[in-house]
Visitor: 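Let me give you the structure first, and then I'll get to my questions.
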Amino acid sequence: LTQSCKNEPNIKPEEIIKPNPESFQTLRAAALTSLAQSDTLSADSALTFTSTNGVTLSLDAGALIDEEGNAVTGDVALTYIELFDQGNMVASNKPLLGLDKDENLNALATGGEFYITFTQNEKNLKLAKSYTLAVPAALTGEHDKDMTLWDGITQTNGDIFWTAIVDREAGINHQENDSLYQVYNDQFGWTNIDKVIAKQEDSTALTVAVPADYNYANSAVYFTYKGQGNALVQLTEFDAESSSFTEKSGNVAIGDEINVIFVSESKNSFAVAIKTVTVEAATSVKFELENLKTTNTNGLVSLINGLD
């Protein structure tokens, strides 16, 4: 097993105290809130919004209805979030795991994660007609015709899994030589442009041991594949007896080079450690308390986005 530890100059070495689960969740929530873009638009005509990354959201006139199915008129409030990079996905806990019909968790490659909602007088609105998104493929690489549309299902513990959309007016219109993902969707909430990363025959288990006092409520472990900037896998199983997170879904294979990310909280700041690993059979990675360094959200995002 080959490992190396990342220790960047913008990360402060200092005493790490026992993590607080509420503070950890507050940090994640604040990271997500900081990504929200908003606008006030008129429902009386066609609606168009262009995001900071150049994604265009469009709705036809009359597309919005209230909970009782009545047509909406007047001003409406848009809340919009987009994620394309691994750093913000870690900070806000929006990794890329797809849940299939057999409840297996599969690593995904993304063309972008999106949260969209409209409200009027603080009441959520629904769709009578699908909205569209024009998403530049260059934000995550090249246009990939294997990408499909997925729903985000938030779990009771705050994690998110993605499920492929079937039997709905939602999907991606792929066109020849298209530089955009042309998305249409008939529901608001979390959605994701994704494809499953094929599992290899020589897949293996990954175990990541963390210090005492760390668990699933106050910390998390993710990994990225070296050279693939649009994938982020979370280790979703934790064993209290061994104080370790595990990946047993076949999403790592012998020979893979991965960046293992251990993130938690200390004194209301993120605490993070990263080890680069070349995977062998039944790979084990161990993080010590002294590996953790504190940083703010921007520091965490920059550190992770700077990985190979």
Side-chain angles (χ1 to χ4, degrees), residues 28-41 46-59 63 76-98 108-119 127 130-152 154 160 162 165 170-175 177-185 187-195 197 222 224-225 227-232 261 296-308:
R28 286 169 149 182
L32 183 64
T33 298
S34 72
L35 299 174
Q37 302 173 47
S38 60
D39 201 357
T40 300
L41 302 166
L47 289 73
T48 301
F49 170 82
T50 301
S51 77
T52 56
N53 281 298
V55 175
T56 300
L57 166 67
S58 300
L59 289 85
V76 293
L78 165 68
T79 300
Y80 172 93
I81 298 172
E82 58 187 9
L83 294 98
F84 299 100
D85 63 280
Q86 296 161 329
N88 279 304
M89 291 177 193
V90 168
S92 61
N93 192 32
K94 294 293 176 284
L96 295 158
L97 281 174
L108 303 174
T110 188
E113 301 178 349
F114 306 91
Y115 177 80
I116 299 168
T117 186
F118 279 89
T119 61
L127 284 163
S130 295
Y131 69 78
T132 63
L133 285 176
V135 183
L139 291 168
T140 52
E142 297 181 351
H143 186 273
D144 188 334
K145 290 186 177 180
D146 292 329
M147 293 286 190
T148 59
L149 202 62
W150 300 59
D151 277 331
T154 302
I160 192 166
W162 305 94
I165 296 175
I172 303 173
N173 289 320
H174 292 285
Q175 300 178 16
N177 301 317
D178 202 346
S179 62
L180 300 170
Y181 291 116
Q182 308 278 3
V183 172
Y184 61 99
N185 198 344
Q187 289 184 13
F188 290 135
W190 281 104
T191 195
N192 198 344
I193 300 167
D194 277 316
K195 72 172 184 179
I197 297 174
Y222 309 88
T224 66
Y225 303 97
Q228 184 158 2
N230 64 340
L232 176 71
I261 303 161
N296 59 21
T297 300
N298 289 339
L300 176 66
V301 171
S302 296
L303 178 64
I304 293 168
N305 286 345
L307 298 173
D308 296 335

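Heavy-atom basis, side chains included; hydrogens, waters and symmetry copies ignored. In this text the structure is predicted, and so the values were computed from the model without any measurement.
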Visitor: When you look at Gln182 and Thr132, which way does the side chain to side chain donor-acceptor pair (under 3.5 Å) test go after all the steps?
Guide: CA-CA 7 Å; Gln182 308 278 3; Thr132 63; over 6 Å; no
Visitor: Do you know which two heavy atoms are closest between Thr297 and Ala31, and how far apart they sit?
Guide: CG2-CB, 3.9 Å
Visitor: Let me confirm one number: the OG1-CD distance from Thr110 to Gln228, rounded to the nearest 0.5 Å.
Guide: 11.0 Å
Visitor: Report the distance from atom CG of Asn88 to atom CG of Asn305, rounding to the nearest 0.5 Å.
Guide: 6.5 Å
Visitor: Compare all side-chain heavy atoms of Val135 with those of Phe84 and state whether any distance is below 4.5 angstrom.
Guide: yes
Visitor: Do Leu57 and Ile116 come within less than 4.5 Å of each other through their side chains, counting heavy atoms only?
Guide: yes
Visitor: Would you sort out whether Thr191 and Glu113 count as a side chain to side chain contact (heavy atoms under 4.5 Å, CB included), showing the intermediate values?
Guide: CA-CA 6 Å; Thr191 195; Glu113 301 178 349; over 6 Å; no
Visitor: Grab the two heavy atoms, one from Ala170 and one from Ile165, that are nearest each other, plus how far apart they are.
Guide: CB-CG2, 3.9 Å
Visitor: Do Tyr222 and Gln86 have side chains that get closer than 4.5 Å, going by heavy atoms?
Guide: no
Visitor: With rounding to the nearest 0.5 angstrom, report the CG to CG distance, Asp151 to Asn192.
Guide: 10.0 Å
Visitor: Kindly indicate whether the side chain of Leu127, heavy atoms from C-beta on, has any atom under 4.5 Å from the side chain of Leu59.
Guide: yes
Visitor: Look at the side chain of His143 and the backbone N and O of His174, then say whether any donor-acceptor pair between them is shorter than 3.5 Å.
Guide: no
Visitor: Show your working on side chain to side chain contact (heavy atoms under 4.5 Å, CB included) between Leu83 and Leu35 and close with a plain yes or no.
Guide: CA-CA 8 Å; Leu83 294 98; Leu35 299 174; 3.9 Å; yes
Visitor: Below 30° counts as parallel, above 60° as perpendicular, anything between as tilted: where do the rings of Tyr80 and Phe114 land?
Guide: tilted
Visitor: Could I get the full list of side-chain hydrogen bond (donor to acceptor under 3.5 Å, both in side chains) partners for Asn296, not counting sequence neighbours?
Guide: none
Visitor: Might you point out which heavy atoms bring Ala109 and Ile197 nearest each other, and give the distance in Å?
Guide: N-CG1, 3.8 Å
Visitor: Shortest non-hydrogen contact from Gly111 to Thr140?
Guide: CA-OG1, 3.4 Å
Visitor: Take the angle between the ring planes of Trp162 and Trp190 and call it parallel below 30°, perpendicular above 60°, tilted in between.
Guide: perpendicular
Visitor: Between Ser302 (side chain) and Gly299 (backbone), is there a donor-acceptor pair under 3.5 Å?
Guide: no
Visitor: With no hydrogens and no angle check, is any side-chain donor or acceptor of Glu82 less than 3.5 Å from a backbone partner on Asn53?
Guide: yes
Visitor: Show, in sequence, the C-alpha distance, side-chain angles and deciding distance for Ser51 and Gln37, and conclude whether the side chain to side chain donor-acceptor pair (under 3.5 Å) test is met.
Guide: CA-CA 8 Å; Ser51 77; Gln37 302 173 47; 4.8 Å; no
Visitor: Does the side chain of Leu133 come within less than 4.5 Å of Asn185's, by heavy atoms?
Guide: no
Visitor: I need the Asp85 CG to Ile304 CD1 distance, nearest 0.5 Å.
Guide: 9.0 Å
Visitor: Using side-chain heavy atoms (C-beta onward) and a distance below 4.5 Å, is Asp144 in contact with Glu142?
Guide: no
Visitor: Under the side chain to side chain contact (heavy atoms under 4.5 Å, CB included) criterion, do Thr40 and Leu78 qualify, and how do the steps go?
Guide: CA-CA 6 Å; Thr40 300; Leu78 165 68; over 6 Å; no
Visitor: How many angstroms lie between atom CG of Leu232 and atom CD1 of Ile261, to the nearest 0.5 angstrom?
Guide: 6.0 Å
Visitor: Looking at every heavy atom in both Gly98 and Trp150, which two are closest together, and how far apart are they?
Guide: CA-CZ3, 3.8 Å
Visitor: Are any of the side-chain heavy atoms of Arg28 and Ser92 separated by less than 4.5 Å?
Guide: no
Visitor: Roughly how far, to the nearest 0.5 Å, is CD of Gln175 from CG of Leu180?
Guide: 9.0 Å
Visitor: Hey, does Ile172 have a side-chain heavy atom less than 4.5 Å from the side chain of Ile193?
Guide: yes
Visitor: How close do Gly171 and Leu149 get, heavy atom to heavy atom, and via which atoms?
Guide: N-CD2, 3.6 Å
Visitor: Classify the ring geometry of Phe188 against Phe118: parallel below 30°, tilted from 30° to 60°, perpendicular beyond 60°.
Guide: tilted
